[in-house]
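Contents: one structure, followed by commentary.
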Amino acid sequence: MGLKQFNYNLRRFVNQIKPNVMEGGKFHAFRSLFEGFETFLFVPNETSKAGGVNIHDSFDSKRLMILVVIALVPAMLFGMYNIGYQNMALGASMGVAAKYTGFWATFAYGLLAYLPNFILAYVTGLAIEFTVAQWKGEEIHEGFLVTGFIIPLIIPITTPWWIVILATAFAVIFAKEIFGGTGMNIFNVALITRAFIFFAYPSVISGDSVWVLDHTIFGLGCNLPDGATCATPLGEAAVTGATAFDWNMVWGFIPGSVGETSIIAIALGALLLIGTGISSWKTTLSIFAGGALMAFIFNKTGDTQNAVAMMPWYQHLVLGGFAFGAVFMATDPVTSARTETGKWIYGFLIGVVAIIIRVANPGYPEGMMLAILLMNLFAPLIDYCVYQTNISRRAKRIAKK
Amino acid sequence: MSLFSKKNKEVFTAPLGKNNPVTVQVLGICSALAVTAQLKPAIVMGLSVTIIVALSNLVISLLRNTIPNRVRIIIQLVVVAALVTIVSEVLKAFAYDVSVQLSVYIGLIITNCILMGRLEAFAMSNGPWESLLDGLGNGLGYAKILVIVAFLRELFGSGCLFGYRVIPQWCYDHGYLDNGLMLMPPMALIIVGCIIWWQRAHNKDLQEQ
């Protein structure tokens with residue numbers, strides 16, 4: 001059966017079950033679920049109503065979201081490998097050897113550890129989305145496709161399962177559905193999930209003992225002795241002093257939240273996102289510029305006793321969630337500034353604020369999450385100012401004539 | 001007119017439900033967020049406000065025909081301030097630890113919008129008995145929301161009720177953790193928001209078009 005034949009049969013099958021789930025059909029309770037999958041499989045062929053001025057591009061938001069997901073895949077795959085690598089590396093340093101070693105055993109360990117978080121985040125979020133869509137009689141919003149993919153990437157691998165569910169549910173309900181669903185939210189939903197965990201259960205997302213799994217999974221990996229801890233480089237800098245720059249910080253072989261460690265994997269995603277024009281290069285570039293500048297200023301003028309302030313500026317940019325946030329979170333088209341000038345300001349301030357939080361507040365070794373959430377709040381104001389400046393400039397130009 | 005006529009009953013019960021000062025009029029939110037981390041201070045706060053609203057309503061209602069219109073706010077404030085001072089002193093004398101927990105919020109009852117709102121909107125134009133009922137109703141309506149919020153916050157925030165542990169140790173041994181966000185004021189605001197949501201969803205009269 002060729003691909004074309006398969007495609008034809010699939011379309012026929014979808015068309016056959018369609019009457020059953022539409023209003024009045026036997027299974028109308030599954031209407032939103034059906035529509036969700038139908039539009040996922042096939043580009044909808046509806047056109048604008050007469051009188052409308054909009055043109056439907058076949059590249060709709062579902063196609064856009066799936067590209068973002070593809071861009072996230074390198075970071076996820078590397079994150080899985082790193083989960084296994086960190087467990088075995090810490091084991092080796094404490095004299096515990098894993099039964100199976102090698103690339104595939106390491107990767108399989110990470111995959112098994114990662115999968116539950118991934119499934120839980122998706123099931124929780126989609127269940128809420130589908131229920132709300134069915135209840136309100138709307139189409140399901142596809143925004144959770146990306147959110148659900150990001151959530152397990154920005155939390156430590158040791159996060160308890162029930163906290164993943166609770167935090168995802170909280171974020172989807174209170175950061176998204178309350179504001180009216182996809183495209184209406186003020187804050188980045190995935191970041192609200194992380195912020196919820198950060199404020200509600202600080203012990204599972206900060207400190208030294210949450211970044212590396214300490215037990216075997218189906219015989220893979222190794223059981224670490226009690227009290228085996230491993231700090232992230234940023235956490236270490238805040239407590240005991242910064243470690244020198246190391247290329248592993250770029251490759252990603254350091255402890256941290258699952259997807260944030262490898263700059264190389266994130267850069268691959270960035271290439272795809274920026275190359276296809278989905279995310280704005282202006283936002284990403286200005287975040288790095290703002291972060292570099294602020295870190296450089298701290299390097300030159302900061303308190304020499306403060307190890308984080310003295311950390312070289314390039315090291316600030318590769319550690320923690322800075323790069324991940326700059327590429328995947330801050331560029332979220334819904335919550336970022338929309339005007340082109342606004343994107344420069346918005347991004348630059350995210351970079352600056354993130355470094356200020358890292359340096360000035362020893363309680364929060366990672367500032368990227370709070371910086372992005374803060375600037376999400378200011379994005380509409382930035383846009384407003386840009387519009388107003390433009391309007392008054394043009395008004396002046398007319399007055400001159 | 002009888003003391004418990006239908007109208008008087010309505011005056012007392014409306015603030016408990018359909019015309020709740022916190023969830024419908026959205027007054028007194030500040031203290032509702034500040035004192036509800038635990039049940040005990042929330043109850044004391046709710047009772048204090050009830051007593052003060054009821055008595056100040058009564059006093060102002062008795063004086064209402066002699067108060068010159070131009071200085072009425074000052075006179076209302078003097079009455080409220082006197083009552084707040086009395087309540088504050090009583091708490092310091094008989095429930096010192098609670099009064100320390102509530103700190104400035106007892107003194108700040110003076111600025112609670114519910115008080116001035118009821119005095120202006122009701123006591124200035126109604127008889128003493130109705131005013132007393134209205135004050136009691138509004139105070140208890142406020143206390144009711146405080147207790148609900150404090151119950152949820154103390155239960156999920158510290159696993160306790162009235163300071164006694166109610167979530168069994170077994171849960172903690174199996175990985176349950178107290179929710180630190182519950183102890184912070186933002187979560188109180190979200191809970192109040194949820195109560196408003198629930199109330200509006202169940203009450204057609206409160207829904208906007």
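Everything numeric here is computed off the predicted structure, so don't read it as measured data. Just so it is clear: chains get the letters A, B, ... in the order the sequence lines come, proteins before strands, and each one is counted from 1.
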- Query: Quick one: what part of A:Phe174 sits under 4.5 Å from any heavy atom of chain B, side chain, backbone, both or neither?
  - Reply: side chain

- Query: Between SG of B:Cys194 and CD1 of A:Ile173, what distance do you get to the nearest 0.5 Å?
  - Reply: 8.5 Å

- For atom CH2 of B:Trp197, is the number of surrounding heavy atoms from other residues, nucleotides or ligands below 6.0 Å larger than 12? no

- Query: Does a sphere of radius 6.0 Å around CE in A:Met94 hold more than 12 heavy atoms from other residues, nucleotides or ligands, not counting ones at 6.0 Å or beyond?
  - Reply: yes

- Please look at B:Met184 and chain A and tell me whether the side chain, the backbone, both or neither of the residue comes under 4.5 angstrom of a heavy atom of that chain. side chain

- Atom CD1 of B:Ile190 and atom CZ of A:Phe170: how far apart are they, to the nearest 0.5 Å? 4.0 Å

- Message: Tell me whether the count of non-hydrogen atoms from other residues, nucleotides or ligands lying under 6.0 Å of CH2 in B:Trp198 goes above 12.
- Response: no

- Message: Checking an interface table here. Which of residues 162-176 of chain B come within a heavy-atom distance under 4.5 Å of chain A?
- Response: B:Gly175, B:Tyr176

- Task: Please report the closest heavy-atom contact between B:Leu181 and A:Phe196, naming both atoms and the distance.
- Result: CD2-CD1, 3.6 Å

- What one should report as the nearest heavy-atom pair of B:Leu177 and A:Tyr201 is O-CE2, 3.4 Å

